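A short write-up of the structure that comes next.
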There are 2 protein chains.
Amino acid sequence: MKAHLIAIGTELLLGDVINSNAAWLSEQLARAGIDVYFHSTVGDNPQRIKAIVKGALTPENPQDAPDVLIFTGGLGPTEDDLTIATLADLFDSSMMVDVESAAKIEAFFKQVNRPMVSSNLKQAQRPESAQVIDNPLGTAPGIFWDISQYTQRLCCLMTFPGVPREMKAMFPQGLAYMEAFKQQYGFQTGLAIVKQSLHFFGIGESQLAEQLADFMGNANPTVAPYVGQGQVRIRLTAKAASQAEAQKLIEPVKQQIIQRAREYYIGDGEAQLEQMVASRLTTLHKSLAVAESCTGGLISQRLTSLPGSSAYTRLNVVTYANDQKSKVLGVSAEVLDSQGAVSEAVAAQMATGMLALSGCDLALSITGIAGPGGASPDNPVGLAYIGLAQRDHPVKVFRIQAIPKLNRQDIQFWFSQSALFSVLKALED
Amino acid sequence: MKAHLIAIGTELLLGDVINSNAAWLSEQLARAGIDVYFHSTVGDNPQRIKAIVKGALTPENPQDAPDVLIFTGGLGPTEDDLTIATLADLFDSSMMVDVESAAKIEAFFKQVNRPMVSSNLKQAQRPESAQVIDNPLGTAPGIFWDISQYTQRLCCLMTFPGVPREMKAMFPQGLAYMEAFKQQYGFQTGLAIVKQSLHFFGIGESQLAEQLADFMGNANPTVAPYVGQGQVRIRLTAKAASQAEAQKLIEPVKQQIIQRAREYYIGDGEAQLEQMVASRLTTLHKSLAVAESCTGGLISQRLTSLPGSSAYTRLNVVTYANDQKSKVLGVSAEVLDSQGAVSEAVAAQMATGMLALSGCDLALSITGIAGPGGASPDNPVGLAYIGLAQRDHPVKVFRIQAIPKLNRQDIQFWFSQSALFSVLKALED
């Protein structure tokens with residue numbers, strides 16, 4: 001089964017909005033064994049929308065013709081939103097008000113306590129032979145429509161709003177309609193493509209690629225390195241008759257790769273370092289306190305962005321000014337004076353002071369130069385010291401240095417990655 | 001002059017990569033007065049690339065035919081990278097090695113101290129009648145090519161790598177070639193489109209639209225509201241013969257809109273709330289301390305993500321656990337017990353406690369329910385109290401409630417927006 005994605009919206013052609021829907025839908029369709037050959041984008045112009053649809057349905061090579069057209073955008077209440085009406089017009093089909101959709105739209109406005117205007121009811125209209133795809137997060141339902149009678153060959157279409165979170169919430173229902181269509185007419189399912197990302201930290205992309213060189217030629221799953229935000233990602237991509245079989249192909253290769261580079265491994269999937277630290281802390285029933293300087297609260301923010309973070313978070317501080325490091329954490333004024341705020345000794349005293357102040361099981365500290373100002377020959381931008389204190393253990397300090405040419409935000413993020421990684425490794429011991 | 005953008009790469013059709021190039025190029029072209037009618041994406045498949053190009057050159061309505069095709073992707077050294085060779089084949093043109101490009105590629109490999117393989121020299125090939133667009137950041141040059149002799153009407157094309165930073169660095173040279181082409185053949189320049197965003201907070205999109213209703217019908221600049229991340233954006237879009245003239249059209253309307261909704265105004269362009277707060281604090285030589293609970297360090301992180309934040313930041317704390325609120329900030333244990341941690345009284349005591357602890361000029365506090373857990377009938381998810389203490393002023397407390405159905409991260413961000421906005425307004429008084 002083959003799909004052609006069509007995004008509708010003049011805002012896309014003006015560059016106001018990046019079409020991230022195309023990538024998300026493409027990945028979902030690949031998982032379901034549906035090949036995507038083309039993406040198109042067109043403005044809020046009925047004549048051009050029709051031209052794009054006609055062109056999509058009759059490609060130069062009939063073998064490339066799509067079995068499903070998937071539209072995003074143009075389902076809103078304004079005059080510019082004309083996706084469904086234009087399709088109905090193109091396929092010479094009359095429109096009707098979907099009673100259930102109309103009731104849901106009215107209920108939505110009642111719930112958010114806002115007045116409904118008549119243009120909102122336009123969103124309840126659909127071609128007579130189309131089915132509704134519910135929108136649990138907004139007022140714009142989509143449609144699933146078998147258009148075979150108009151195209152003179154088996155073909156269907158789906159429409160989704162352009163708002164990514166609404167589209168994503170609606171996609172499963174659309175996919176279910178499409179699967180039923182596929183079954184009904186005996187479409188062949190293509191190969192399911194399943195991807196898995198493994199995240200690593202503390203090693204360069206080329207170094208890791210070298211270490212995993214023998215996997216890089218792998219045919220199925222393929223193995224490829226990518227540089228992510230402050231970490232390296234290895235992506236495994238498997239093709240098989242079903243998602244389950246593709247997953248099975250991935251598993252042994254995944255385990256071998258993790259084994260090979262265990263000391264740098266963070267986690268898989270969408271896992272972020274803070275999630276790995278949080279889950280380890282929660283499992284071990286340990287609490288972590290953070291005393292930040294150069295990262296300004298970023299580490300605390302990352303750790304508390306997760307539901308359930310009160311299990312391990314009690315107190316974090318951002319001691320930006322030197323006198324606050326002394327007053328709040330008990331860092332010696334003499335040491336601050338003689339060694340400077342960015343020093344091994346200060347990182348150590350911040351961590352031990354934070355352990356005492358918070359009463360937590362672990363305390364993490366960081367002091368460094370995030371730039372662009374504040375550097376000196378001894379303390380270049382990108383230098384930081386990370387302290388890690390645990391009860392009944394000597395405090396540990398790590399010196400880290402970011403690669404050149406990063407901006408302040410990138411440096412702060414990389415600092416936070418390094419700090420969280422040091423906690424993760426300490427919790428593994 | 002009209003453009004059609006064509007992105008080439010199977011990775012786009014698999015959803016591995018989001019095509020952000022299309023939006024960036026579209027905005028640049030709009031500024032230069034070039035209309036973009038369509039975007040297309042196709043995989044690394046010569047037959048389908050040719051089909052897309054032929055289709056783009058002969059749209060249903062000849063008036064929509066592009067005067068320039070702009071390609072991104074498929075310029076790399078691997079076998080999959082076949083954009084230029086496929087175009088040469090389609091237009092029946094022979095390829096040659098560009099001597100200057102070849103020398104630059106060799107020099108590049110010498111500079112980064114990596115061995116050059118013969119496939120890298122493939123990147124120096126171009127159709128005989130094409131001109132080279134230099135790539136200052138990588139090994140893949142692009143081409144500018146007048147294809148009028150093949151298309152039987154005036155038309156040109158440009159190719160760029162898919163890597164955004166390389167494409168962006170190369171675009172000015174491509175644009176210069178295109179301008180020369182335009183001049184040579186007397187193309188009419190379309191209108192330059194210039195946009196400006198104004199950011200507002202503390203007012204709903206529809207409420208603000210109502211307040212600005214008389215601007216919404218404006219023809220030039222057009223005025224349209226958008227919901228951004230935790231704030232409302234009003235976008236002004238002006239069209240004129242030149243960028244400077246378009247900017248002139250925007251200015252008076254912008255000033256009137258700001259005047260009308262001054263109490264909700266944050267700033268223009270890419271301005272974020274933390275920047276507005278930071279610049280106000282810096283100008284006034286005032287320092288701000290933050291005591292966070294439900295936002296977990298996000299407010300502190302946002303304020304310290306900016307260079308020069310040590311001018312106004314001395315100490316921030318995240319008092320997540322109740323006993324830490326008492327111990328560090330002096331919040332009364334009785335009040336915590338009787339009113340609960342999420343209460344007006346606790347927000348007030350956190351702010352006054354933080355003012356005393358930090359010695360700063362202002363102290364901001366926040367306590368609330370970011371969810372998904374921790375809610376009760378009295379304290380629903382999305383409820384928070386913001387405290388604001390200033391020396392010699394009574395402490396102020398604001399009760400805020402987020403709209404339903406937001407996730408934890410969105411709620412935390414909206415909380416931080418509300419808190420920073422309350423600081424901004426306090427500094428204006």
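Fair warning: this is a prediction, and the values are worked out from it, not measured in the lab. Residue numbers start from 1 in every chain, and the chains themselves are labelled A, B, ... in the order their sequence lines are given, proteins ahead of strands.
- Side-chain atoms of R48(A) do not come within 3.5 Å of backbone N or O of N61(B) as any donor-acceptor pair.
- Top candidate by heavy-atom pairs under 4.5 Å with chain A, chosen from N21(B), D323(B), I6(B), is D323(B).
- Taking OH of Y37(A) as the reference point, atom OG1 of T41(B) lies at 16.0 Å (rounded to 0.5 Å).
- Here the CG-CG distance, from L13(A) to L29(B), works out to 11.0 Å after rounding to the nearest 0.5 Å.
- Taking T319(B), V42(B), L12(B), T313(B) one by one and counting their heavy-atom pairs under 4.5 Å with chain A, the maximum is reached by T313(B).
- By number of non-hydrogen pairs under 4.5 angstrom with chain A, the leading residue of S309(B), A22(B), P404(B) is S309(B).
- When atom types are taken as modelled, the side chain of K54(B) and the backbone of E60(A) share no donor-acceptor pair closer than 3.5 angstrom.
- Most heavy-atom pairs under 4.5 Å with chain B: of the set S305(A), S40(A), A3(A), this distinction falls to S305(A).
- Ranked by heavy-atom pairs shorter than 4.5 Å toward chain B, the options G55(A), G297(A), S287(A) are led by G297(A).
- In this structure, no portion of N45(A) lies under 4.5 Å from any heavy atom of chain B.
- Contacts between R31(B) and chain A at a heavy-atom distance below 4.5 Å are absent for every atom of the residue.
- Taking A356(A) as the reference, nothing meets the side chain to side chain contact (heavy atoms under 4.5 Å, CB included) condition, with sequence neighbours excluded.
- Interatomic distance, L14(A) CG to I193(B) CD1, rounded to the nearest 0.5 Å: 5.5 Å.
- With chain B as partner, the option from S293(A), P307(A), A370(A) having the largest number of non-hydrogen pairs under 4.5 angstrom is P307(A).
- Contact of P59(B) with chain A is not made at all, since no heavy-atom distance falls under 4.5 Å.
- Only the backbone of T295(B) has a heavy atom closer than 4.5 Å to any heavy atom of chain A.
- The number of heavy atoms from other shown groups lying within 6.0 Å of NZ (K50(B)) is above 12.
- No other option in E11(B), Q301(B), R314(B), K327(B) has as many heavy-atom pairs under 4.5 Å with chain A as R314(B).
- The greatest number of non-hydrogen atom pairs below 4.5 Å with chain B, out of I18(A), I52(A), D16(A), V17(A), is found for D16(A).
- The most heavy-atom pairs under 4.5 Å with chain B, out of R235(A), R302(A), Q28(A), come from R235(A).
- Contacts of L5(B) with chain A are absent, with no heavy-atom separation under 4.5 Å from either backbone or side chain.
- Within a 6.0 Å radius of NZ in K2(B), more than 12 heavy atoms belonging to other residues, nucleotides or ligands are found.
- With hydrogens and angles left out, the side-chain atoms of T304(B) and Y320(A) include no donor and acceptor closer than 3.5 Å.
- Among C294(B), G15(B), G43(B), the residue with the largest count of heavy-atom pairs under 4.5 Å with chain A is G15(B).
- Using a 4.5 Å cut-off between heavy atoms, D64(B) touches chain A through its side chain atoms alone.
- Looking at E27(B), the atoms closer than 4.5 Å to chain A (heavy atoms on both sides) sit in the backbone and in the side chain alike.
- Neither the backbone nor the side chain of V290(B) comes within contact range of chain A, judged by heavy atoms closer than 4.5 Å.
- Among the candidates V318(A), N316(A), V317(A), L298(A), the single residue satisfying the side-chain contact (heavy atoms from CB on, under 4.5 Å) test with S300(B) is V318(A).
- In this structure, chain B has a heavy atom under 4.5 Å from the side chain of R165(A), while its backbone stays farther away.
- Of all the listed residues (G308(A), S20(A), A30(A)), the one sharing the greatest number of non-hydrogen pairs under 4.5 Å with chain B is S20(A).
- Only the side chain of K195(A) comes within contact range of chain B, with at least one heavy atom under 4.5 Å from a heavy atom of that chain.
- Ranked by heavy-atom pairs under 4.5 Å with chain A, the first of G359(B), S26(B), A321(B) is S26(B).
- Only the side chain of R408(B) comes within contact range of chain A, with at least one heavy atom under 4.5 Å from a heavy atom of that chain.
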